[in-house]
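The basis for the numbers below is simple: all heavy atoms, side chains too, and nothing from hydrogens, waters or symmetry mates.
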Amino acid sequence: MSVTHRLTAPAPGWTAATDVVVVGSGVAGLTVALNVRKAGLRAMVVTKAVLDEGSTRWAQGGIAAALGEGDTPEQHLDDTLVAGAGLCDEEAVRTLVTEGPDAVRRLIATGALFDRGEDGEILLTREGGHHRRRIAHAGGDATGAEISRALVAAVRTDPGIELIEHALVLDLLTDTEGHAAGLTLHVMGEGQRDGVGAVRARAVVLATGGMGQVFSATTNPAVSTGDGVALALRAGAAVTDLEFVQFHPTPLWVGPDAEGQLPLISEAVRGEGAHLVDADGVRFMVGQHELAELAPRDIVAKAITRRMQEQGADHMFLDGRHFGAEMWEHRFPTILATCRAHGIDPVTAPIPIAPAAHYASGGVRTDPRGRTSVPGLYACGEVACTGVHGANRLASNSLLEGLVFAERIAADLAGRHAAGELPERTVDVTAARAARPVPLPPSEARAEIQRLMSRGAGVLRSAASMADAAAGLALIAEQAHSHVAEEKPADPRVETWEAANLLLVATALVAAAAQREETRGCHWREDFPERDDAHWRRHLITTLAASGDPVSTPEEQ
């Protein structure tokens with residue numbers, strides 16, 4: 001399948017070549033790169049900021065796996081299926097939980113140092129939705145940072161892995177058979193590789209992370225603008241479950257006008273016994289779920305939002321004063337420092353919190369080997385939809401999913417290479433030129449997109465709220481087209497490309513969310529408050545029409 005849409009951009013001014021190009025430098029992307037090298041393939045890692053500034057480094061809680069005594073993959077599977085609210089692919093989950101423990105052990109062998117007890121065993125804690133202590137952590141609450149450190153160190157010492165930092169990926173390149181043959185990108189720097197260029201490759205792996213910046217308040221870093229999902233859509237790939245955006249219950253509330261990346265108060269704080277309370281100190285989660293504060297995230301986020309509405313408040317509180325100073329300092333040093341930097345001391349006062357966009361359970365649709373619907377294009381990590389998370393991700397399954405399915409992609413590429421099924425590819429220049437350019441909105445559209453999405457498609461959704469969001473997004477797109485017609489187009493640059501990606505992802509998300517007329521997992525419809533298995537226990541598959549508009553089609557039941 002040839003690319004039918006592309007971002008408006010200058011022609012590539014430079015070209016590079018490799019065997020496998022990986023876009024993203026989190027746990028998923030770096031694991032792919034390290035593992036394809038073992039098969040003798042060259043790898044290039046393209047990352048938007050610097051190597052260790054992706055979403056992985058911000059993960060506080062840990063990585064879930066059945067490593068503890070008495071725990072089993074089957075129990076981990078059961079908890080994951082419950083959290084996924086009927087939409088998990090059970091075989092994908094089984095793959096995750098059975099291959100997960102050994103994948104974590106291989107990560108440890110790579111150099112990741114997890115917290116251990118006096119007996120030398122890995123310390124395990126609990127988080128929401130887990131019935132067992134199975135969350136391995138590092139540095140107390142700095143698990144992602146430690147995993148990132150270990151993988152970055154391994155990548156930097158491998159001469160067969162080339163790095164391109166400060167690079168925004170633009171669009172996929174294909175050969176005459178429609179097979180991925182590389183990509184275009186823009187390098188934000190000076191030197192030999194500056195501006196728009198092209199990387200030719202035998203296969204392309206998307207590991208670009210999430211799209212939390214589509215909302216005003218998020219725990220995601222500023223680079224999480226949905227670039228991978230947008231590229232995949234423009235390339236003709238299918239995406240699925242975009243409506244299932246998980247809102248973390250307990251980001252730090254830093255004021256009514258806060259925007260952008262918010263500090264995260266890890267679920268592990270509740271796992272260790274902190275209580276959710278309102279301004280009067282009432283524990284409002286008690287009696288709402290058997291696990292109270294440790295209920296799955298969608299239930300907790302909804303309960304917090306509902307309590308805020310009832311009381312006319314803009315935040316609730318997380319109370320961990322009973323931990324004492326020593327536990328805060330040793331178990332949660334990063335969170336303690338963050339809170340104190342914002343004038344809050346959790347040792348002596350409850351922490352103000354409010355839900356914010358956190359994790360995309362949906363993404364680019366893949367099979368169990370990480371293959372997308374476009375030959376030669378793979379996806380893993382948060383940008384992908386493997387079927388593991390269903391309608392709501394279970395806490396700390398994300399790092400594990402990135403790890404397990406990255407290894408599976410590398411194994412598939414190694415097998416194809418050994419079988420002679422991964423030849424060098426020649427870019428179909430005619431198809432690239434024939435692709436329909438996407439008009440770019442101005443850079444200031446980013447803030448308007450975020451405002452529309454937070455107001456219309458946040459934790460609480462309705463037909464009316466999403467119709468307003470859709471109308472606002474359509475107006476931004478219409479204005480971009482009008483400016484092109486009037487020969488006043490926005491300049492092609494990082495800010496306008498990111499705005500175009502956010503606009504596409506937001507439009508696709510709202511279209512899917514408006515179509516799903518039920519409440520399930522982290523998709524909460526005020527006008528359809530019940531789960532409807534008879535009509536909606538199925539996925540919505542989104543592709544781009546010839547017009548460039550996202551079209552969502554329900555999967556056959």
Side-chain angles (χ1 to χ4, degrees), residues 59-68 70-72 74-85 88 93 97 115 123-137 140-141 143 219 246-252 264-278 281-308 315-323 327-328 331-332 335 346 350-356 358-359 361 388-400 459 521-522 524:
Q60 295 174 340
I63 186 166
L67 297 166
D71 197 6
T72 64
E74 199 68 27
Q75 293 175 68
H76 190 182
L77 180 141
D78 289 343
D79 285 345
T80 301
L81 294 180
V82 169
C88 295
V93 178
V97 300
D115 295 343
L123 292 173
L124 300 171
T125 190
R126 277 182 68 194
E127 291 186 3
H130 293 271
H131 283 79
R132 287 218 175 245
R133 298 180 76 90
R134 67 167 66 96
I135 317 300
H137 50 84
D141 57 0
T143 310
T219 63
Q246 186 178 82
F247 285 76
H248 198 287
T250 58
L252 182 65
L264 179 62
I265 308 301
S266 169
E267 192 134 348
V269 177
R270 281 175 284 138
E272 295 292 355
H275 303 144
L276 283 166
V277 298
D278 61 18
V282 176
R283 286 183 63 190
F284 54 88
M285 282 305 301
V286 175
Q288 294 207 32
H289 190 277
E290 60 162 337
L291 295 175
E293 281 91 355
L294 287 177
R297 288 180 178 175
D298 64 305
I299 293 170
V300 180
K302 290 173 189 175
I304 292 171
T305 304
R306 189 180 290 121
R307 194 74 163 191
M308 286 162 54
H315 64 282
M316 290 286 113
F317 295 91
L318 186 63
D319 192 351
R321 288 176 291 178
H322 53 286
F323 287 176
M327 181 171 173
W328 274 109
R331 180 66 180 88
F332 301 112
I335 295 170
I351 304 168
I353 53 90
H358 182 57
Y359 189 87
S361 292
V388 160
H389 303 308
N392 187 39
R393 174 180 69 98
L394 180 65
S396 287
N397 268 357
S398 51
L399 290 174
L400 190 71
V459 177
C522 51
W524 187 11

Side chain proximity check, [X] to [Y], heavy atoms < 4.5 angstrom:
{"X": "Leu276", "Y": "Arg307", "result": "no"}
{"X": "Val300", "Y": "Glu293", "result": "no"}
{"X": "Tyr359", "Y": "Arg297", "result": "no"}
{"X": "Met316", "Y": "Met285", "result": "no"}
{"X": "Asn392", "Y": "Gln246", "result": "yes"}
{"X": "Met308", "Y": "Pro355", "result": "yes"}

Looking at every heavy atom in both [X] and [Y], which two are closest together, and how far apart are they?
{"X": "Val93", "Y": "Cys88", "value": "CG2-CB, 3.8 Å"}
{"X": "Thr219", "Y": "Pro251", "value": "CG2-CG, 3.8 Å"}
{"X": "Thr80", "Y": "Val388", "value": "CG2-O, 3.7 Å"}
{"X": "Ile335", "Y": "Leu264", "value": "CG1-O, 4.1 Å"}
{"X": "Asn397", "Y": "Ala64", "value": "OD1-CB, 3.7 Å"}
{"X": "Arg283", "Y": "Ala292", "value": "NH2-CB, 4.5 Å"}

When you measure from the side chain of [X] to the backbone N and O of [Y], does any donor-acceptor pair fall under 3.5 Å?
{"X": "His275", "Y": "Val277", "answer": "no"}
{"X": "Asp79", "Y": "His131", "answer": "yes"}
{"X": "His322", "Y": "Gly273", "answer": "yes"}
{"X": "Arg126", "Y": "His130", "answer": "yes"}
{"X": "Gln75", "Y": "Gly70", "answer": "yes"}
{"X": "Thr250", "Y": "Ile265", "answer": "yes"}
{"X": "Arg133", "Y": "Leu124", "answer": "yes"}
{"X": "Glu267", "Y": "Glu127", "answer": "no"}
{"X": "Ser396", "Y": "Gly62", "answer": "yes"}

Just how far is it from atom [atom1] of [X] to atom [atom2] of [Y], taken to the nearest 0.5 Å?
{"X": "Leu77", "Y": "Thr72", "atom1": "CG", "atom2": "OG1", "value": "9.0 Å"}
{"X": "Asp71", "Y": "Arg132", "atom1": "CG", "atom2": "CZ", "value": "5.5 Å"}
{"X": "Cys522", "Y": "Arg393", "atom1": "SG", "atom2": "CZ", "value": "10.0 Å"}
{"X": "Asp78", "Y": "Leu394", "atom1": "CG", "atom2": "CG", "value": "11.0 Å"}
{"X": "Ile299", "Y": "Ile304", "atom1": "CD1", "atom2": "CD1", "value": "12.0 Å"}
{"X": "Ile353", "Y": "Arg270", "atom1": "CD1", "atom2": "CZ", "value": "8.0 Å"}

**OP:** Could you tell me how the ring of Trp328 sits relative to the ring of Phe323: parallel (under 30°), tilted (30 to 60°) or perpendicular (over 60°)?
**Re:** tilted
**OP:** Any chance you could lay out the side chain to side chain contact (heavy atoms under 4.5 Å, CB included) test for His76 and Leu400, step after step, and finish with the verdict?
**Re:** CA-CA 12 Å; His76 190 182; Leu400 190 71; 3.9 Å; yes
